[in-house]
Undergrad: 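I have a structure here, written as structure tokens, and I will follow up with some questions on it.
Counting starts at 1 for both ligands and their atoms, in listed order. Each residue takes its place number in the sequence, starting with 1.
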Amino acid sequence: MTRRRISILGATGSIGQNTIDLIRRDSKAFDVVALTGASNISQLACDAIDLQAEVAVTAHQDLLPDLKSALAGSDVEAGAGQTAIVEAATRSADWVMSAIVGAAGLAPGLAALEAGTTLALANKESLVCAGGLLLETARKNDACILPVDSEHSAVFQSLVGEDIESVERIIITASGGAFRDWPIEKLAQATPEQAASHPNWSMGQRITIDSASMFNKALELIETKEFFGVSSDQIEAVVHPESLIHAFVGFRDGALMAHVGPHDMRHAIGFALNWPKRKQLPVERLDLAAIGQLNFRVPDEKRWPALRLARDVMDRGGLSGAVFNAAKECALDGFIDGRIGFPKMAEVVEEVLNSINPSHIDAKMTLDNVEQADHVARHAARALIEKRAG
Ligand code: NDP
Ligand code: MG
């Protein structure tokens with residue numbers, strides 16, 4: 001069996017560590033090329049040495065001396081900064097996991113696709129900010145993008161052997177996050193600690209808070225449109241508190257295919273890692289009789305205005321996804337830092353979307369223009385947050 005060369009961008013995070021767990025369990029199948037992280041130098045160095053990676057890179061230039069000293073005595077090269085991450089993403093590999101959090105994942109993901117590498121995409125922000133560019137880059141370089149987000153992996157799996165033309169609708173599920181059953185009036189008092197406690201999934205802090213606000217689901221609606229090329233009126237979100245069905249695909253003959261599995265990201269990661277084969281994975285096998293029942297309800301857009309904003313972004317198109325994501329990232333920072341309350345996040349994002357000069361949204365989708373739209377939106381969002389906090 002030939003060993004596959006793989007790299008993990010965002011190796012120190014929740015998705016990165018789950019990917020490493022799967023690789024360790026099947027270590028004869030893989031050679032690790034590059035691992036990247038940001039602040040968690042000890043984890044990055046420890047995994048890079050243990051997995052005999054060629055190179056370990058931190059996003060932070062000032063942490064290079066710490067990384068070098070943590071790698072001392074090993075053969076692992078050290079690198080630092082965003083350019084070094086992009087360089088690591090283009091090192092010869094068969095498969096790259098894109099699991100950096102936020103818009104920072106876009107440039108390295110694009111670079112991996114330009115090198116013709118298969119990209120396992122957890123970083124949904126890339127598709128939201130620049131879906132057209134990402135898909136076009138993959139097409140031009142004969143590279144493949146495999147979805148890792150559990151809902152999109154579920155849709156992808158439901159579509160194997162099917163014709164996208166026969167799809168009538170795609171329904172992605174949402175747990176509802178930490179505040180699903182809170183009275184709406186109480187949301188203004190919600191703390192970041194409360195928002196970061198997810199009823200079902202164990203994930204990074206930012207995506208967990210985004211689950212409570214449904215900004216995560218909003219990003220995923222846009223991700224669905226971009227990845228599968230369906231129109232916005234074919235996409236729905238439904239609240240499913242058990243998080244066991246990840247998505248449904250409805251076909252024009254009325255059939256509804258559901259993907260059912262435990263809430264363990266190693267399922268979707270393992271599917272992408274082994275694709276097009278399926279290998280044994282260390283995930284729970286569901287006992288349907290013990291589960292008993294599954295519930296579904298319509299998401300309330302008063303509680304979760306992010307869903308309404310996602311529809312607006314899908315209708316506007318262009319670079320509005322980059323503006324939406326950047327404003328959302330800043331609003332999330334503002335909430336985590338205690339400068340704005342939980343419901344204010346959606347208000348900030350809506351105000352940025354409505355106030356941004358349309359020339360940024362209508363600009364051609366290039367990496368430079370996406371970064372420019374991101375920059376302008378962050379500036380506008382930070383100014384609004386200052387005003388509200390002051
Ligand atoms: P985490 O916060 O757990 O990890 C983020 C990773 O990105 C870490 O390796 C972190 O390094 C690194 N990082 C942070 N900032 C930067 C930066 N500016 N430049 C380069 N690297 C950076 O996030 P998750 O693993 O939860 O999520 C990763 C991506 O996967 C996100 O896009 C998320 O939406 C998506 N996703 C996650 C799921 C989950 O279950 N967690 C499910 C579906 C999608 P360090 O920790 O060293 O600072
Ligand atoms: Mg998801």
Undergrad: Where's the contact between A104 and ligand 1, heavy-atom distance under 4.0 Å: side chain, backbone, both or neither?
TA: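 For A104, only side-chain atoms sit under 4.0 Å from ligand 1.
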Undergrad: Under a plain distance cut-off of 3.5 Å, with no hydrogens placed, do T83 and E87 share a side-chain donor-acceptor pair?
TA: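 Checked: E87/T83 side chains show no N/O donor-acceptor pair below 3.5 Å.
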Undergrad: Give the numbers and elements of all ligand 1 atoms closer than 4.0 Å to a heavy atom of A59.
TA: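 Counting atoms of ligand 1 from 1, those under 4.0 Å from A59 are 19 (N), 20 (C).
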Undergrad: For the pair Q372 and D368, evaluate side chain to side chain donor-acceptor pair (under 3.5 Å) and give the outcome as yes or no after the intermediate values.
TA: CA-CA 6 Å; Q372 180 63 17; D368 281 351; over 6 Å; no
Undergrad: For M265, state whether at least one heavy atom is located under 4.0 Å from any atom of ligand 1.
TA: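 Under 4.0 Å: yes for M265.
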Undergrad: Closest to the Mg ion (ligand 2), which N/O/S atom of E151 is it?
TA: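 Of all N, O or S atoms belonging to E151, OE1 is the one nearest the Mg ion (ligand 2).
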Undergrad: Heavy-atom contacts under 4.0 Å between A122 and ligand 1: side chain, backbone, both, or neither?
TA: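 Both parts.
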Undergrad: Answer side chain, backbone, both or neither: which part of I41 comes under 4.0 Å from ligand 1, heavy atoms only.
TA: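 No part of I41 is near ligand 1 at this cut-off.
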Undergrad: Under 3.5 Å, is there a donor on one side chain and an acceptor on the other for N200 and S243?
TA: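 Their side chains do contain a donor-acceptor pair, which is all the 3.5 Å distance test asks for.
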Undergrad: So, are D333 and R378 salt-bridged, with charged N and O less than 4.0 Å apart?
TA: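 Salt bridge flag = no for R378 with D333.
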Undergrad: Answer yes if the side chains of N295 and E242 hold a donor-acceptor pair under 3.5 Å, and no otherwise.
TA: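 E242 and N295 do have a side-chain donor-acceptor pair below 3.5 Å.
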Undergrad: Do Q205 and T208 have side-chain atoms, one donor and one acceptor, less than 3.5 Å apart?
TA: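 The criterion, which ignores hydrogens and geometry beyond distance, is not satisfied for T208 and Q205.
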Undergrad: N/O of E125 under 3.5 Å from N/O of ligand 1, yes or no?
TA: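 There is such a contact, yes.
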Undergrad: Using distance alone, decide if ligand 1 has a nitrogen or oxygen within less than 3.5 Å of any nitrogen or oxygen in T12.
TA: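 N/O-N/O distance below 3.5 Å exists for this pair.
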Undergrad: Pick out which of S153, S150, P262 makes a side chain to side chain contact (heavy atoms under 4.5 Å, CB included) with H267.
TA: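 The passing option is P262.
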Undergrad: Is there a side-chain contact between Q52 and D31, using heavy atoms and a 4.5 Å cut-off?
TA: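 Answer no - side chains too far apart.
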Undergrad: Relative to ligand 1, is R206 under 4.0 angstrom through side chain, backbone, both or neither, heavy atoms considered?
TA: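 Neither part.
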Undergrad: Answer yes or no: does an N/O atom from S39 fall short of 3.5 Å to an N/O atom of ligand 1?
TA: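 Yes, there is a polar N/O contact under 3.5 Å.
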Undergrad: May I ask you to check whether G204 has an N/O atom sitting below 3.5 Å from an N/O atom of ligand 1?
TA: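 Right, the criterion is met.
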Undergrad: Say whether G102, considering both its backbone and side-chain N or O atoms, lies within less than 3.5 Å of an N or O atom on ligand 1.
TA: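 Between G102 and ligand 1 (N or O atoms, distance only) the closest approach is not under 3.5 Å.
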Undergrad: With respect to I85, determine whether any N or O atom, backbone or side chain, lies less than 3.5 Å from an N or O atom of ligand 1.
TA: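 No; every N/O pair is 3.5 Å or more apart.
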Undergrad: Which of the atoms of ligand 1 are close to N123, meaning less than 4.0 Å from one of its heavy atoms?
TA: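 Near N123, the atoms of ligand 1 are 32 (O).
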Undergrad: Please indicate whether any nitrogen or oxygen in S14 is less than 3.5 Å from any nitrogen or oxygen in ligand 1.
TA: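 Yes, S14 has an N/O under 3.5 Å of an N/O on ligand 1.
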Undergrad: With heavy atoms of M203 as the reference, note each atom of ligand 1 found under 4.0 Å away.
TA: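 It comes down to these atoms of ligand 1: 39 (C), 40 (O), 41 (N).
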Undergrad: Name of the D149 N, O or S atom nearest the Mg ion (ligand 2)?
TA: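 Among the N, O or S atoms of D149, the one closest to the Mg ion (ligand 2) is OD1.
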Undergrad: Give, for atom CD1 of I170 and atom CE of M257, the distance between the pair rounded to the nearest 0.5 Å.
TA: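 Here the interatomic distance stands at 13.0 Å.
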Undergrad: Does G16 come within less than 4.0 angstrom of ligand 1, counting non-hydrogen atoms of the residue?
TA: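 It does not; every heavy atom stays at 4.0 Å or beyond.
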Undergrad: Following the transitive rule for hydrophobic clusters with a side-chain heavy-atom cut-off under 4.5 Å over Ile, Leu, Val, Met, Phe, Trp and Tyr, establish whether L35 and F30 coincide in one cluster.
TA: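 Yes, L35 and F30 fall within the same hydrophobic cluster.
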Undergrad: Can you check whether P282's main-chain N or O pairs, donor with acceptor, with R25's side chain at less than 3.5 Å?
TA: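 Answer holds: no.
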Undergrad: Hey, is Q82 one of the residues with a heavy atom under 4.0 angstrom from ligand 1?
TA: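 Checking ligand 1 against Q82, which is what was asked, there is a heavy-atom contact under 4.0 Å.
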Undergrad: What atoms of ligand 1 come within less than 4.0 Å of a heavy atom belonging to G13?
TA: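 Once the distances to G13 are compared, the set is 1 (P), 3 (O), 4 (O), 8 (C), 9 (O), 25 (O).
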Undergrad: Any N or O on N40 sitting closer than 3.5 Å to an N or O of ligand 1?
TA: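 Yes, since at least one N or O of N40 sits under 3.5 Å from an N or O of ligand 1.
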Undergrad: So which N/O/S atom does E220 have closest to the Mg ion (ligand 2)?
TA: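 Of all N, O or S atoms in E220, the Mg ion (ligand 2) lies closest to OE2.
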Undergrad: Look at R311 together with D315 and state whether they make a salt bridge at an N to O cut-off of under 4.0 Å.
TA: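 D315 and R311: not salt-bridged.
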